[in-house]
Protein chains: 2
Amino acid sequence: MAKAKRNTGCPIAYSLDVIGDKWSLIIIRDMLMRGKDTYGEFLAAEEGIATNILSDRLRHLCAEGIIEKRRDPDNKKRILYSLTEKGLDLAPLILDMVVWSYHHDANTRASRAMVERIENDRAGLLKELRQKGRARASQPRRS
Amino acid sequence: MAKAKRNTGCPIAYSLDVIGDKWSLIIIRDMLMRGKDTYGEFLAAEEGIATNILSDRLRHLCAEGIIEKRRDPDNKKRILYSLTEKGLDLAPLILDMVVWSYHHDANTRASRAMVERIENDRAGLLKELRQKGRARASQPRRS
DNA sequence: TAAATCAATTGCAAAATGCAAGCAAAAAAT
DNA sequence: ATTTTTTGCTTGCATTTTGCAATTGATTTA
């Protein structure tokens, strides 16, 4: 994907260079909000990502240190993907998108309950998402 | 740009369909954080957007109700662009990108002071950005 | 060893982006 | 009134990215 990094030091430009394509945040959403962790599960998303794009994005997200891959210890022909701390730190962004779309997309399927939780207990929800994400990773924790 | 809307109702997919390209958020950043409001100013951004892309994105953002255009009353050969309420509602997203990049981009130019303000006085900063944005718009307020 | 499962690559078409040049409308200068 | 300048935008074409269908590779299970 996006080969050309703008590299201006601007945080918005950096974010867009790293996750500013049509698919990366869909994958991250699936991992963070829907507990998905395999290639096959990402492929089955209703948005319909192509196999080559998915492969490319997973590689890219690994290279950027946003996700990690390892073999499933239980089903050894499966590869498990999990969010790193850097990936988990994207949770606020995802939640903001939910709120924004809820208010401005007439066709949204975001639930009122979720939006109220985000607005009233943002910190608690973020903590919960982080814990679930860490549990899936089962990597050495750095904190 | 992005002709194909996924239209699944998912808030993340909606956000990506509307502002998920390489340039839209750069323009919105310039308007929200840097007070820019003309084509020429956007064109001069250090990231170097091409004229046709800029034109296309401004048209698209207008069509999506994120920005509005009008002639400058003072310098009538100028066209002024301003954020709508829908556009101003993207401020939280922008701030989260600043925080994320600050923590994860070794090369970031985001200032520590700004990040601390975002983390300690998010609500106040958002209010301030909204007021400045509204002042630039000088449209009838809806609230 | 053979079959099944899961992940990923390849080839080609379509779409988006980038670049250089030029056009158009309004205002300012002459 | 005509020319010049400013500002915003379009066009043509090359490059890059994305999308789709088919296929390949690697590992596990039978």
Side-chain angles (χ1 to χ4, degrees), chain A residues 1-8 12-13 16-27 30-31 36-64 67-82, chain B residues 1-8 12-13 16-28 30-31 35-64 67-82:
Chain A
M1 69 149 296
K3 177 186 50 184
K5 295 282 168 71
R6 284 171 282 209
N7 208 33
T8 59
I12 311 306
L16 291 173
D17 283 344
V18 176
I19 51 157
D21 68 285
K22 248 173 114 64
W23 292 107
S24 290
L25 277 176
I26 295 286
I27 296 168
D30 281 352
M31 299 179 80
K36 296 187 184 180
D37 57 5
T38 63
Y39 181 97
E41 288 176 309
F42 303 138
L43 199 64
E46 61 182 344
E47 285 85 7
I49 187 170
T51 58
N52 54 344
I53 307 292
L54 175 55
S55 173
D56 185 75
R57 287 310 175 288
L58 290 172
R59 195 183 308 118
H60 181 247
L61 290 172
C62 279
E64 291 290 345
I67 66 175
E68 286 175 332
K69 63 190 286 187
R70 66 183 197 282
R71 271 200 187 276
D72 186 340
D74 301 327
N75 177 351
K76 303 222 298 182
K77 68 184 148 192
R78 213 168 231 149
I79 293 173
L80 294 183
Y81 295 91
S82 57
Chain B
M1 69 148 298
K3 177 186 51 183
K5 296 280 167 72
R6 285 171 283 210
N7 208 34
T8 59
I12 311 306
L16 292 173
D17 284 344
V18 177
I19 51 157
D21 68 285
K22 247 173 114 63
W23 293 107
S24 290
L25 277 176
I26 295 286
I27 296 169
I28 292 164
D30 281 353
M31 299 178 79
K36 296 187 184 180
D37 56 5
T38 63
Y39 181 96
E41 287 177 309
F42 303 138
L43 199 64
E46 62 183 343
E47 285 85 8
I49 186 169
T51 59
N52 55 342
I53 306 291
L54 175 55
S55 173
D56 185 75
R57 286 311 174 290
L58 290 172
R59 196 183 308 118
H60 180 248
L61 291 171
C62 279
E64 291 290 346
I67 65 175
E68 286 176 331
K69 62 190 287 186
R70 66 183 197 282
R71 271 202 184 276
D72 186 340
D74 302 326
N75 179 350
K76 303 223 298 183
K77 68 183 148 191
R78 214 167 231 149
I79 292 173
L80 293 183
Y81 294 91
S82 57

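Residue numbers start from 1 in every chain, and the chains themselves are labelled A, B, ... in the order their sequence lines are given, proteins ahead of strands.
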Of the listed D:dG19, D:dC9, C:dA7, the closest approach to the A:Ala50 side chain comes from D:dG19
Rounding to a whole Å, what distance do you find between A:Arg6:CZ and C:dT17:P?
-> 11 Å
What distance separates B:Leu61 CG from B:Leu25 CG, expressed to the nearest 0.5 Å?
-> 9.0 Å
Under-4.0 Å side-chain N/O to phosphate OP1/OP2 contact, B:Trp23 with C:dA16 = no
Rounded to the nearest angstrom, tell me the gap between atom CG in A:Asn75 and atom P in C:dC6.
-> 7 Å
Using atom CG of A:Asn52 as one end and atom C1' of C:dG11 as the other, report the distance to the nearest whole Å.
-> 11 Å
Looking at side-chain heavy atoms only, is the closest gap between A:Asp21 and A:His60 below 4.5 Å?
-> no
Any B:Ser55 side-chain nitrogen or oxygen under 4.0 Å from OP1 or OP2 of D:dT10 = yes
Just call it for B:Tyr81: base, sugar-phosphate, or nothing, with non-hydrogen atoms closer than 4.0 Å on any strand.
-> sugar-phosphate
Roughly how far, to the nearest 0.5 Å, is CG of B:Leu43 from CD1 of B:Ile27?
-> 10.0 Å
Return the nearest nucleotide to the side chain of A:Lys76; candidates are C:dA26, D:dT28, C:dA21.
-> D:dT28
Look at the side-chain N and O atoms of B:Arg71 and state whether any lies under 4.0 Å from the OP1 or OP2 oxygen of C:dA26.
-> no
Which nucleotide in the set D:dT18, C:dG18, C:dA8 lies at the smallest distance from any side-chain heavy atom of A:Leu58?
-> C:dA8
Could you tell me the separation between the OG1 atom of B:Thr51 and the OH atom of B:Tyr39, rounded to the nearest 0.5 Å?
-> 4.5 Å
Interatomic distance, NZ@B:Lys36 vs CD1@B:Ile28, rounded to 0.5 Å, equals 14.0 Å
Could you give the CG-to-P distance, from B:Asp56 to C:dA16, as a whole number of Å?
-> 9 Å
Figure out the CG/C1' separation between A:Leu80 and C:dA7, and round it to whole Å.
-> 13 Å
Determine: side-chain N/O of B:Arg59 to OP1/OP2 of D:dT10, distance under 4.0 Å, yes or no.
-> yes
Expressed in angstrom and rounded to an integer, what is the separation of B:Asp72 atom CG from D:dT6 atom P?
-> 17 Å
For B:Lys77 and for B:Thr51, find the nucleotide of DNA chain D with the closest heavy atom, then tell me which residue's nucleotide is more 5'.
-> B:Lys77
Could you tell me whether A:Lys22 and B:Asp17 have a side-chain N and a carboxylate O separated by less than 4.0 Å?
-> yes
Say you draw a straight line from OG1 of A:Thr8 to CD of B:Glu47; how long is it, rounded to the nearest 0.5 Å?
-> 4.5 Å
Rounded to whole Å, NZ of B:Lys36 lies from P of D:dT7 at a distance of 15 Å
Between D:dT18, C:dA7, D:dC9, which nucleotide gets closest to the side-chain atoms of A:Tyr39?
-> C:dA7
Would you mind reading off the bend of the helix from C:dT1-D:dA30 to C:dT30-D:dA1 from its two end axes, five pairs each, to 10 degrees?
-> 10°
Rounded to the nearest 0.5 angstrom, the CG-CD1 distance for A:Asp56 and A:Ile49 is 9.0 Å
Can you tell me if the side-chain N/O atoms of A:Lys69 get under 4.0 Å from OP1 or OP2 in C:dA8?
-> yes
To the nearest Å, give me how far apart CZ (A:Arg70) and P (C:dA7) are.
-> 13 Å
